[in-house]
Amino acid sequence: SAGVGESQRHQVFGFEVPTSCPGVPSDVLIPRNTWKDKASFDTTAGKLANKLKKDGKRPMLVAADIYRPAAVDQLQVLGQQLGVPVFHQAGVQPPELCRLALAAAAHEKANVLIYDTAGRLAIDDALMTELEQIKANVAPQNVLLVVDAMIGQDSVKTAAEFDRRLDLDGFILTKLD
């Protein structure tokens with residue numbers, strides 16, 4: 001057991017999620033590279049939430065993709081199917097929305113937050129700045145980039161730019177089958 005000031009770590013899909021102190025949730029920021037099949041990204045956030053739930057955690061999804069029509073609805077449906085709460089407030093910009101989710105986590109008794117953000121290109125400075133603001137607002141313990149494997153070798157260049165701006169902790173390639 002960890003002593004005062006020490007954190008325990010919990011392995012999930014090859015990365016470590018800190019076991020937080022009571023009342024302080026662990027969190028995972030999931031920036032995404034832009035591509036057509038957004039549902040696969042929702043599935044990644046859902047798979048992560050489902051795995052954490054099966055491991056005894058109390059995850060909460062944060063619907064911070066306010067730009068794509070139906071993105072919030074899709075994540076809410078997924079959360080309902082998994083029995084995982086989904087936080088969203090209409091009309092609130094993603095950096096503030098993610099900050100508000102921290103307070104909502106206590107109400108929901110969630111101990112892991114998964115911030116699902118809008119897809120973006122690494123060259124879109126405004127949206128990359130938004131991710132930097134989200135990271136500054138919530139200080140997530142893990143930042144995992146999700147990229148479609150179909151972009152091939154460009155995934156290396158994309159990950160390098162996201163890492164430069166966000167200091168990534170991990171990289172998830174989808175659609176490897």
For the residue pair [X] and [Y], establish whether any side-chain heavy-atom pair is separated by less than 4.5 Å.
{"X": "Glu161", "Y": "Arg165", "result": "yes"}
{"X": "Gln133", "Y": "Gln93", "result": "no"}
{"X": "Pro94", "Y": "Tyr115", "result": "no"}
{"X": "Gln81", "Y": "Leu78", "result": "yes"}
{"X": "Phe162", "Y": "Val147", "result": "no"}
{"X": "Phe87", "Y": "Leu97", "result": "yes"}
{"X": "Asp116", "Y": "Leu61", "result": "no"}

Looking at every non-hydrogen atom in both residues, tell me the closest pair between [X] and [Y] and how far apart they are.
{"X": "Leu168", "Y": "Asp163", "value": "N-OD1, 2.8 Å"}
{"X": "Val62", "Y": "Ala101", "value": "CG2-CB, 3.6 Å"}
{"X": "Pro59", "Y": "Val84", "value": "O-CG1, 3.3 Å"}
{"X": "Ala63", "Y": "Val86", "value": "CB-CG1, 4.1 Å"}
{"X": "Cys98", "Y": "Ile134", "value": "SG-CG2, 3.7 Å"}

Nearest-0.5 Å distance that lies between atom [atom1] in [X] and atom [atom2] in [Y]:
{"X": "Thr158", "Y": "Leu145", "atom1": "OG1", "atom2": "CG", "result": "7.5 Å"}
{"X": "Met60", "Y": "His107", "atom1": "CE", "atom2": "NE2", "result": "10.0 Å"}
{"X": "Ile66", "Y": "Gln89", "atom1": "CD1", "atom2": "CD", "result": "12.5 Å"}

[X] side-chain N/O to [Y] backbone N/O, donor-acceptor pair under 3.5 Å:
{"X": "Arg99", "Y": "Asn137", "value": "no"}
{"X": "Lys53", "Y": "Leu82", "value": "yes"}
{"X": "Asp169", "Y": "Val143", "value": "yes"}
{"X": "Lys135", "Y": "Leu166", "value": "yes"}
{"X": "Asn111", "Y": "Lys57", "value": "no"}

Problem set entry | Over 12 foreign heavy atoms within 6.0 Å of CD, Glu132 |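 Yes - once you tally the heavy atoms of other residues, nucleotides and ligands closer than 6.0 Å, there are more than 12.
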
Q) Val92, Val138: one ILVMFWY side-chain cluster at the under-4.5 Å cut-off? A)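 Yes, Val92 and Val138 fall within the same hydrophobic cluster.
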
When you group the ILVMFWY residues by side-chain heavy-atom contacts below 4.5 Å and let the links chain together, are Phe171 and Leu131 in the same group?
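Yes.
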
| task | For side chain to side chain contact (heavy atoms under 4.5 Å, CB included), just list the numbers for Leu52 and Ile114, CA-CA rounded to whole Å, side-chain angles, deciding distance to a tenth of an Å, and then say yes or no. | result | CA-CA 10 Å; Leu52 289 164; Ile114 301 170; 4.0 Å; yes

Stepwise, does the side chain to side chain contact (heavy atoms under 4.5 Å, CB included) test hold for Lys157 with Asp154?
CA-CA 5 Å; Lys157 190 170 41 173; Asp154 192 47; 2.9 Å; yes

